[in-house]
Amino acid sequence: MNATSTPASYIARYMLGGAPHLLPVGARECQRAEEFFARVIREEDVARGRKALIIATLAEAATMLPFERALIKMGLIVCNAEASPYDGARTEATLRRFDVAVIAPVCGTALDAIAVTGFDAALLFRGKIVWAKPDVYARLQNAPGIDLRRWLDLGPVTALETRHGGGLLVDGREWRVEPEGNATYVSSRLDRAMPFERLRIPVAVKLNEHTYNANLPGPRVII
């Protein structure tokens, strides 16, 4: 069944082939994304009242607004920093001064900005759940003491690794993911402000269709 179009609440963007594309976002799809992220965060069993640090840009609002709301819903206190070369001091100060349990989604720009301040991100991240984008995952995967997870954007689709492993979880209620050769095609299943029908993503993945539990319906993508 093809997804239908609904009114937009705000305009964000998604990336495809290194280029930004406008992404109108509706209230219903934002709420569903919040519910998806809340299920993932609930599985982590992080104590209420601890801090979560979001390092992102305003352009990432399609994903980060529902992610932030999910963190708050789960009882975490949200701190924010900009994923820019100029905000490394705020990022490192937050990590040193507060009891941060979760950091997401760390990109290379944020990691480099921390280094400019004279601090080692690998040390600041110890003892924390860190959802990292592909470039940062490669840089931190051998660093000790970090609960490192993958965070991957497949165009408008967000996939993130849970503590159960087995790949990166996608909201299977919201998206259909179809690997074909060296590309992946994504389609929306439910109503959205901008429905998608087999949007080609130039990334090769495999699918793990096994459902770990009822709270985390798949699929999971393996890169």
Side-chain angles (χ1 to χ4, degrees), residues 12-21 23 37 40 44 52-68 71 79-95 100-163 165-170 175 177 179 182-184 186 199-208 220-223:
R13 66 103 171 102
Y14 69 93
M15 301 296 292
L16 186 61
H21 296 262
L23 180 62
F37 288 130
V40 173
E44 302 300 334
L53 174 61
I54 292 177
I55 311 175
T57 65
L58 184 59
E60 297 174 273
T63 299
M64 302 320 301
L65 177 59
F67 185 74
E68 180 176 83
L71 290 167
C79 307
N80 288 279
E82 184 79 8
S84 84
Y86 313 107
D87 212 25
R90 175 163 51 169
T91 302
E92 58 83 7
T94 300
L95 292 171
V100 175
V102 176
I103 312 168
V106 185
C107 65
T109 299
L111 209 64
D112 294 340
I114 293 173
V116 168
T117 67
F119 288 87
D120 183 352
L123 295 177
L124 294 175
F125 291 170
R126 283 186 180 177
K128 309 178 191 311
I129 298 169
V130 178
W131 270 294
K133 295 189 176 182
D135 56 341
V136 170
Y137 188 91
R139 292 166 62 176
L140 293 178
Q141 61 181 340
N142 295 320
I146 304 174
D147 192 352
L148 188 63
R149 317 283 178 82
R150 296 179 188 270
W151 179 294
L152 180 66
D153 297 311
L154 294 169
V157 181
T158 299
L160 65 168
E161 192 172 18
T162 74
R163 67 184 181 89
L168 291 83
L169 188 70
V170 171
W175 299 103
V177 180
N182 293 323
T184 303
V186 299
L199 176 68
R200 185 182 188 276
I201 311 296
V203 176
V205 305
K206 296 180 180 180
L207 286 189
N208 177 357
R220 285 172 285 178
V221 300
I222 300 171
I223 55 175

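Because the structure is a prediction, the values reported are computed rather than measured.
Tyr137 and Ala132 get closest at one heavy-atom pair: N-CB, 3.8 Å. Closest heavy-atom contact between Pro85 and Ala113: O-CB, 3.9 Å.
Taken from NE2 in His21 to CZ in Arg13, the straight-line distance is 10.5 Å, to the nearest 0.5 Å. Atom CD1 of Ile103 sits about 8.0 Å away from atom CG of Leu124, to the nearest 0.5 Å.
Looking at residues two or more places apart in sequence or on another chain, you find a side chain to side chain donor-acceptor pair (under 3.5 Å) between Asn80 and Glu68. Leu65 meets the side-chain contact (heavy atoms from CB on, under 4.5 Å) test with Tyr10, Cys30, Arg69; sequence neighbours excluded. Under the ring pair (Phe, Tyr, Trp, His ring centres under 6.0 Å) criterion, Phe37 pairs with Phe67, sequence neighbours left out. Scanning for side-chain contact (heavy atoms from CB on, under 4.5 Å) contacts around Ser84 gives Glu82, Tyr86, Asp87, with sequence neighbours left out. Residues meeting the side-chain contact (heavy atoms from CB on, under 4.5 Å) test with Ala89, sequence neighbours left out: Glu92, Thr117. Not counting sequence neighbours, the partners of Ala83 by the side-chain contact (heavy atoms from CB on, under 4.5 Å) test are Ile55, Thr57, Cys107.
Within the 4.5 Å cutoff, side-chain heavy atoms of Ile223 are placed close to those of Arg150. The side-chain heavy atoms of Arg220 and Leu168, taken from C-beta on, include no pair separated by under 4.5 Å. Contact annotation: the side chain of Leu148 approaches that of Gln141 to within less than 4.5 Å [non-hydrogen atoms, C-beta and beyond].
Under a 4.0 Å N-O distance rule, the pair Asp147/Arg126 does not qualify as a salt bridge.
For the pair Trp151 (side chain) and Ala104 (backbone), a donor-acceptor distance under 3.5 Å is absent. In this structure, the side chain of Asn182 does not engage the main chain of Ala204 through any donor-acceptor pair within 3.5 Å.
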Working note: Lys133 + Glu60, criterion salt bridge (charged side-chain N to carboxylate O under 4.0 Å, His left out); need CA distance, chi angles, decisive distance, verdict.
CA-CA 13 Å; Lys133 295 189 176 182; Glu60 297 174 273; 2.8 Å; yes
